[in-house]
Amino acid sequence: MYRQGKGKTPRRHGPKKATNTDKDPVGVCCRIRPLGAEDEECCVEMISSSTIQLHAPDGLKANRNGEFKETQYSFKKVFGIKTTQMELFEEVAKPLIEDLIHCKNGLLFTYGVTGSGKTFTMTGSPGEGGLLPRSLDMVFNSIGPFQAKRYVFKPDEKNGMEVQNQVDALLERQKRDSQPTPVLKTPSSRHRPDPEFADMISSEEACKSENVDEDCCYSVFVSYIEIYNNYIYDLLEDAPYDPIRPKPPQSKILREDQNHNMYVAGCTEVEVKSTEEAFEVFWKGQKKRRIANTELNRESSRSHSVFTIKLAQAPLDADGDHILQDKSQVNVSQLCLVDLAGSERTSRTRAEGSRLREAGNINQSLMTLRTCMEVLRENQMYGTNKMVPYRDSKITHLFKNYFDGEGKVRMIVCVNPKADDYEETILVMRFAEMTQEVEVARPVDRPICFLAAGRRHRNQAFRDELSRRLDDRGGPTYSVDDPVLLNQLIESLPVLPPCELVDPADDQTLPRLIEVLETRLRIRQMMTEQFNKTANTLKSMLQQFDGQLSAKDTFLHDQQSKLGEKDKVIVSQRTEIERLEKKSKTLEYKIDILQKTTDVYEQDKRSLQQELETREQRLLRELSEKKRMEQRMQGMVTDARHKWEKECERRVNAKQLEMQNKLWVKDEKLKQLKAIVTESSSNSGGGCAAERPERPSRERDRNVPQKRSASPSPIPTALPVHPMHRRSHSAGGEKWVDHKPACNLDLDTVMQPIIPNAIKVSTPNEKALSKCNMYVLRHQELASDGEIETKLIKGNVFKTRAGGQAVQFTDIETLRQECAAGPSRKRRSGSGEGPVQPEDVENRPPVAGTSSSYSHQKRRKP
């Protein structure tokens, strides 16, 4: 039976985005910062308002054999070293603020080598506000009169915005005000602005957008995050502080909303109502940002910071009185101001430990940004469809929607013209030039509603007219032409009689009329007199009041002059207070920086201490291992020495046994020779044989082989002759070092080398050599005939340059002992019975003496 497979749940698609075939390239501008010192070598030159030229430093050009040539790079706009912050804002950031107010997104980020002025361009300094404070000031200057009350717009925690009615917003405000830590409030008009921020932007530099839709209500929300070691942290998060066990900040994650836009989940969004309040929130997050001191920058940013300005706007209803309660009509646009951390080489910054890891993560994220730009350019130029690696880094993953057509993208390349940054500046220029070739889809206009325009103006005009009419009805008004007053005045006069004349002879009507008119004239005169009297009285009163008023005016003038003096004092004191507040804030900022630097140094100190302890432990282990190795080697050396001593002793015993065998053979031969000589002598004359001494027995020598001579002493046939001997050259008045090795055998000969004033040593040493100027070495060796011969090797002792002693050998004397009766011994021509004469009288031992044996001494040339 066929079983149907389980199908997948289809993905719920969000609302389809508006497509636009028009594309704009990424706007890249270049800003050159001034040199730190005038004598520094500059490698960047501004050719025109859109072109710069790089030339290699002299030292680098010499090392590369002139390989580097002058290269030029073109940008949308180049800002020189004299460019002000206001000029940079007018050219780069102001169009993005205009788009923000007109419901379009924007991305502005600074890029460059460490120490090239990125943070100064984005934030600025007192007196020179950067792009961020000027952007906030322009936003609030434009939408200030049209802002909604606080908490009318409320974030829905899903990158969207909800609209609350007036009652819910009022309850929300009361709820937030009752909390222990209320949210920031908009400063009132009587609240003095922050002196540090007031110095950043002057009143003459204030900007305002003129094309603001007056039929909408606006609210501004700001957020501030940093990307540190490829982790996202919220700088505005108020985490509870535990002094005993402080917890590290928790990282945030990226999510996708229903429109497939990326946002930071759980990020704090603060609603602000003024520029000062927004900058205060920014400064609160800036204090938490990670900075450190390196070899190239004293306050180097160790993370990428993203300050987001989110503008929520919704139209008014048809009456122009309240916000339209329709979530679909709420439009949210945002501008991201990104301060990228600078690329750096660890060989120049000499980073170690955590600084080295931070530099690696910064360079890795910037390399991912470069790779994404290269893939986008390749897809657009060659029509390929390669996947862009946005997810390899948090910074590219967060802003991938902008490169897909969700807003304008602008980049400011900051350049440090000093020669030390030349190679890194070339890489930055290549990346910036390549980025200009990437095109981003132009965002389409998104209309809010189709209600009639001018609703707010008509509603305001209606309110003004209504209030005017209510004011008119509230108080009595008097006018000269009022008919009621005229009727009252006429009724107070006498009534006129009938004035009709019927008969020309009527003489009553006219007198009555004349009488009534005269009465009215008298009444009018009386009223005129009364009026004049009253007017005079009033005039006198007015004059009196005028005098009193002039006196009071004089008094008020005096008081005003005093008040003016007081105001001047107050103004001076207020200026002094503002200066002190500014100084206090500057000192607080420096204290925060120093505290942060101190914390970094403490962390480095702890890491170095841990590393030192680890190395000490490793050193102790190595020392213990070395000791064990030394003990092991000593044991091996001792074993080897014992082994070789036994081997040497065995070889010496074998050699002695061999020599004893040879001596025994010679003794046997000598015995036979003696027998022959004795027999021949007895035949020639028996009397002489009785007088010759017998040769001593060699039994004693056989028992003690080490003390007998190497050859047997011959038996003389006649008395020895003792001629006069010449003293040897070694017996002079010099000081001698007599070197006799311990291994030499003692020969039982009568004639021995005797050297006066000699220091006898078995091993030569520097101390003995320094006291003498001559040296002699007694060396024994076995001759070819089996006899032992002694060589006296003589030399001169002299000092060396290093302070030591050296010997230069000059002569060799050879001493040999021979048997006179042996057939192999050389004899002089003559009778064999005569006495045997020495062959060389001059080569006797150094000291003359007599001997009962016939000794033959021969000198050999060295």
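- Using a 4.5 Å cut-off on side-chain heavy atoms (C-beta onward), L254 and V264 make contact.
- A search for side chain to side chain contact (heavy atoms under 4.5 Å, CB included) contacts involving A312 returns F153, M161, F221, V332, not counting sequence neighbours.
- The aromatic rings of W283 and Y589 lie tilted to each other, with the angle between the two planes from 30° to 60°.
- Summarising the geometry, atom CE belonging to M367 is positioned 13.5 Å from atom CD1 belonging to I362; distances are rounded to the nearest 0.5 Å.
- Judged as a side-chain hydrogen bond (donor to acceptor under 3.5 Å, both in side chains), and not counting sequence neighbours, the contacts of E237 are K252.
- Counting only residues at least two apart or in different chains, salt bridge (charged side-chain N to carboxylate O under 4.0 Å, His left out) contacts with residues 93-103 comprise E90-K94, D99-K408.
- In this structure, the side chain of T396 engages the main chain of S393 through a donor-acceptor pair within 3.5 Å.
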How far apart are the C-alpha atoms of S333 and N105, what are their side-chain angles, what is the distance that settles it, and do they pass the side-chain hydrogen bond (donor to acceptor under 3.5 Å, both in side chains) test? CA-CA 5 Å; S333 57; N105 299 329; 5.1 Å; no
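- Taking a 6.0 Å sphere around CD of E269, one finds it holds more than 12 heavy atoms contributed by other residues, nucleotides or ligands.
- Note that the CD atom of Q325 and the CG atom of D168 stand 8.5 Å from one another [nearest 0.5 Å].
- Remark: K590 does not engage E588 in a salt bridge, criterion side-chain N to carboxylate O under 4.0 Å.
- Put simply, the side chain of C336 reaches to within 4.5 Å of the side chain of Y402, judged on heavy atoms.
- Looking at Y224 and Q286, their side chains do bring a donor and an acceptor atom within 3.5 Å of each other.
- Side-chain atoms of H304 come within 3.5 Å of backbone N or O of A341 as a donor-acceptor pair.
- Looking only at atom types and distance, the side chain of K310 has a donor-acceptor partner in the side chain of N159 under 3.5 Å away.
- Partners of D326 according to the side-chain hydrogen bond (donor to acceptor under 3.5 Å, both in side chains) rule, which considers only residues two or more places apart in sequence or in another chain, are S328.
- The neighbour count for K149 NZ, taken as heavy atoms of other residues, nucleotides or ligands under 6.0 Å away, does not exceed 12.
- R134 places a side-chain N or O within donor-acceptor distance of the main-chain N or O of G129, the cut-off being under 3.5 Å.
- Using a 4.0 Å cut-off between a side-chain N of Lys or Arg and a carboxylate O of Asp or Glu, R370 and E374 qualify as a salt bridge.
- The salt bridge (Lys or Arg N to Asp or Glu O under 4.0 Å) test applied to E172 returns R176, not counting sequence neighbours.
- Of the possible polar contacts, one joining the R289 side chain to the S303 backbone as a donor-acceptor pair under 3.5 Å is found.
- Proximity of a side-chain donor or acceptor of H102 to a complementary backbone N or O of N211 within less than 3.5 Å is detected.
- Remark: R150 engages E277 in a salt bridge, criterion side-chain N to carboxylate O under 4.0 Å.
- Residues F109 and F399 place their aromatic rings such that the two centres sit no closer than 6.0 Å.
- Every side-chain hydrogen bond (donor to acceptor under 3.5 Å, both in side chains) that T268 has, sequence neighbours left out, goes to D234.
- Taking the six-membered ring where the residue is Trp, Y390 and F403 present parallel rings, their angle staying beneath 30° rather than reaching 60°.
- Just one of T110, T121, T83 meets the side chain to side chain donor-acceptor pair (under 3.5 Å) condition when paired with R31; it is T121.
- Of the N and O atoms on the side chains of T119 and D339, at least one donor lies less than 3.5 Å from an acceptor on the other residue.
- Ion pairing between E91 and K77 fails under the 4.0 Å rule for side-chain N and carboxylate O.
- In this structure, Y228 has its ring center at least 6.0 angstrom away from the ring center of Y231.
- Here K327 pairs with D156 in a salt bridge; the nearest charged N to carboxylate O distance falls below 4.0 Å.
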